[in-house]
Enquirer: 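First, the structure itself, so that you have it in front of you.
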Number of protein chains: 2
Amino acid sequence: MCRMARPRKPLLSRDLIVDTAGALVDAEGLDAVSTRRIAAELGVSGPSLYNHFRNKDEILDAVADAVSARIDLSMFDADDPRDWRTALHDWALSYRAALRAHPNAVPVLARGPGRRPAGLRVADAVFGAMVRAGWPPAQATSIGALMRYFVTGSALGSFARGFVDDAAAYDPADYPHLGQAHLLAERQEQVDEGAFATGLTALLDGLALQYEAGVRGGWSARGA
Amino acid sequence: MCRMARPRKPLLSRDLIVDTAGALVDAEGLDAVSTRRIAAELGVSGPSLYNHFRNKDEILDAVADAVSARIDLSMFDADDPRDWRTALHDWALSYRAALRAHPNAVPVLARGPGRRPAGLRVADAVFGAMVRAGWPPAQATSIGALMRYFVTGSALGSFARGFVDDAAAYDPADYPHLGQAHLLAERQEQVDEGAFATGLTALLDGLALQYEAGVRGGWSARGA
DNA sequence: ACCTGAACACCGTTCAAGT
DNA sequence: ACCTGAACACCGTTCAAGT
């Protein structure tokens, strides 16, 4: 009579499940997460979760959306809608920080917003702000897409972590220029931060060039 | 006596396993691939694979490396080592094409080269070419990293495919700027191609600016 | 050396049963 | 409505056994 089939107060909730699953993703990675482990962590039996989510993918989607929800979007409400460059820059930093805080969840996020509310809010905010700043809609779409490529790419595959911390792995006869590659694993943080900063600056500089050209040329053909 | 424990000619080989696994990844996605299915496809029992690979991850690594092996690197042997921009541009196109041909394998590739020979050859070639073109080593490393971020990001999360082909999913009250979002799913190809082209141009334009500034300033502090 | 079947400890998910 | 145990059809991997 202590462990009943149904207590008067529900043992589970969507939030509880998402929090537990998220902690498991962070601590042990995506592969280590099973519905049975989430349930065990919550002190219930495996199938209980199916009262709150249709399947495992829906749980992981919710975990990913919780990460998206932490991306700051306030810079897109700025007074000067024409300063798209600053807004985009600040957003990119917040975007990346949110993902780097939960690197194991990035593969799920990288699949796109789908129907995830927080993910859609992000796409909506950046698109709206770029249009307001004077970018044609087609270009605004491209900017949302290419920023996602760059940020998720940088959060997903830490460049430096991708190399092995073992000098013998990189035979100079095979890879004449990778003599120091095993050092990358050590300096992981700086390498990835440096590459991200360099790439972001290049991206924004390049977009500024396109913006100026567009304004000068009246955005020629593809304006609508 | 027909089905012996060991035939005089091996039934399996690493290449045979990789080809079968790769076809399965392409046709049904990463989740559908199991060691037992690969084995079944080859007409052998599941554990047989373990005579040729240590575990399933090693098989998937080999599949990913086969994709990397299809990336063209010949542009880095160009006569004029100083034309890094053209080489980088052509390489990015080939890189992306190789990944888009096997989108389901991209999550494995995105983990980094590790000890995969073809992946390392790519990293080696781009780093070597950038140094030859006059970039300081630290910048050359950044370029390799940021290009990987952008290309894998673009191949992994097709921006357009990330949206659902269903107008009702994007309530204008919630997402004021996503009125046409459901159309993205239809025009997937063009949207992603356009965003990639825009981003690549911006990236190269921005890097050219940094290169010029570096040459003019003698690459100031971080030259070594 | 290379393949087999049996076995172990897992999976995601369905479903009838309980309250 | 919400949880349970039992069950189904799977997993990756190990290992002793066969040739």
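Chain letters run A, B, ... following the sequence lines, proteins first, then strands; residues in each count from 1.
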Enquirer: Could you list by number each residue of residues 24-47 of chain A showing a heavy-atom separation from DNA chain C of less than 4.0 Å, or answer none if no residue does?
Expert: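 Only A:Val33, A:Ser34, A:Thr35, A:Arg36, A:Arg37, A:Pro47 qualify.
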Enquirer: Is the centre of the B:Phe150 ring less than 6.0 Å from the centre of the B:Phe196 ring?
Expert: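 Close enough - the centres of the two rings lie under 6.0 Å apart.
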Enquirer: Start with the C-alpha gap between A:Ser68 and A:Leu109, add the side-chain angles, then the distance that decides, and say whether side-chain contact (heavy atoms from CB on, under 4.5 Å) holds.
Expert: CA-CA 8 Å; A:Ser68 294; A:Leu109 266 158; 3.0 Å; yes
Enquirer: Looking at the side chain of B:Lys56, which of C:dC3, C:dT13, D:dG12 is the nearest nucleotide?
Expert: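 The listed nucleotide nearest to B:Lys56's side chain is D:dG12.
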Enquirer: DNA chain D in dot-bracket, Watson-Crick or G-U pairs under 3.5 Å, [ ] crossing, | other strand?
Expert: ||.|||||...|||||.||
Enquirer: Can you check the B:Tyr50 OH to D:dT14 P distance for me, whole Å?
Expert: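 After rounding, the reported distance stands at 7 Å.
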Enquirer: Under 3.5 Å, is there a donor on one side chain and an acceptor on the other for A:Tyr95 and A:Asp90?
Expert: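 A:Tyr95 vs A:Asp90: no donor-acceptor pair found between side chains.
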Enquirer: Which one of B:Asp171, B:Asp166, B:Asp174 satisfies the salt bridge (charged side-chain N to carboxylate O under 4.0 Å, His left out) criterion with A:Arg115?
Expert: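 Going through the options one by one, the only one that passes is B:Asp166.
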Enquirer: Using OP1 and OP2 only, check whether a side-chain N or O of A:His52 sits under 4.0 Å from D:dC3.
Expert: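 So the side chain of A:His52 is within the cut-off, an N or O lying under 4.0 Å from OP1 or OP2 of D:dC3.
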Enquirer: Expressed as a whole number of angstroms, how long is the span from B:Leu12:CG to C:dA1:C1'?
Expert: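 Those two atoms, CG and C1', are 13 Å apart.
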Enquirer: Once you round it to whole Å, what is the distance between C1' of D:dG12 and CG of B:Leu60?
Expert: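 Going from B:Leu60 (CG) to D:dG12 (C1'), I get 12 Å.
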Enquirer: When you check the side-chain N and O atoms of B:Asp26 and B:His102, is any donor under 3.5 Å from an acceptor?
Expert: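 Per modelled atom types, B:Asp26 and B:His102 side chains form a pair under 3.5 Å.
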Enquirer: Stepwise, does the side-chain contact (heavy atoms from CB on, under 4.5 Å) test hold for A:Leu24 with A:Ile38?
Expert: CA-CA 8 Å; A:Leu24 218 40; A:Ile38 299 168; 4.1 Å; yes
Enquirer: Please state how far atom CG in B:Leu49 lies from atom P in D:dT14, giving the value in whole angstrom units.
Expert: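 Atom-to-atom, B:Leu49 to D:dT14, this comes out as 13 Å.
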Enquirer: With a 3.5 Å cut-off and no angle check, do the side chains of B:Ser13 and B:Asp15 form a donor-acceptor pair?
Expert: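 No, because no side-chain N or O of B:Ser13 sits under 3.5 Å from a partner of the opposite role on B:Asp15.
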Enquirer: Just the rounded figure in Å: distance from C1' of D:dA16 to CG of B:Asn51.
Expert: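 So the two atoms are 14 Å apart, to the nearest Å.
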Enquirer: For the pair made of CG in A:Asn55 and P in C:dC11, what is the distance, rounded to whole Å?
Expert: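 In whole Å, C:dC11 P lies 17 Å from A:Asn55 CG.
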Enquirer: Mark yes when over 12 heavy atoms from residues, nucleotides or ligands other than A:Gln180 sit less than 6.0 Å from its CD; otherwise mark no.
Expert: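 Not more than 12 within 6.0 Å, no.
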Enquirer: Heavy-atom distance under 4.5 Å between the side chains of B:Val108 and B:Val63, does that happen here?
Expert: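 SC-SC contact between B:Val108 and B:Val63 ruled out.
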Enquirer: Can you tell me how far P of C:dC2 sits from CZ of B:Arg14, to the nearest Å?
Expert: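 One finds 12 Å between P of C:dC2 and CZ of B:Arg14, rounded.
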Enquirer: Send over the distance from A:Leu16 CG to D:dC2 P, rounded to a whole Å.
Expert: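 After rounding, the reported distance stands at 14 Å.
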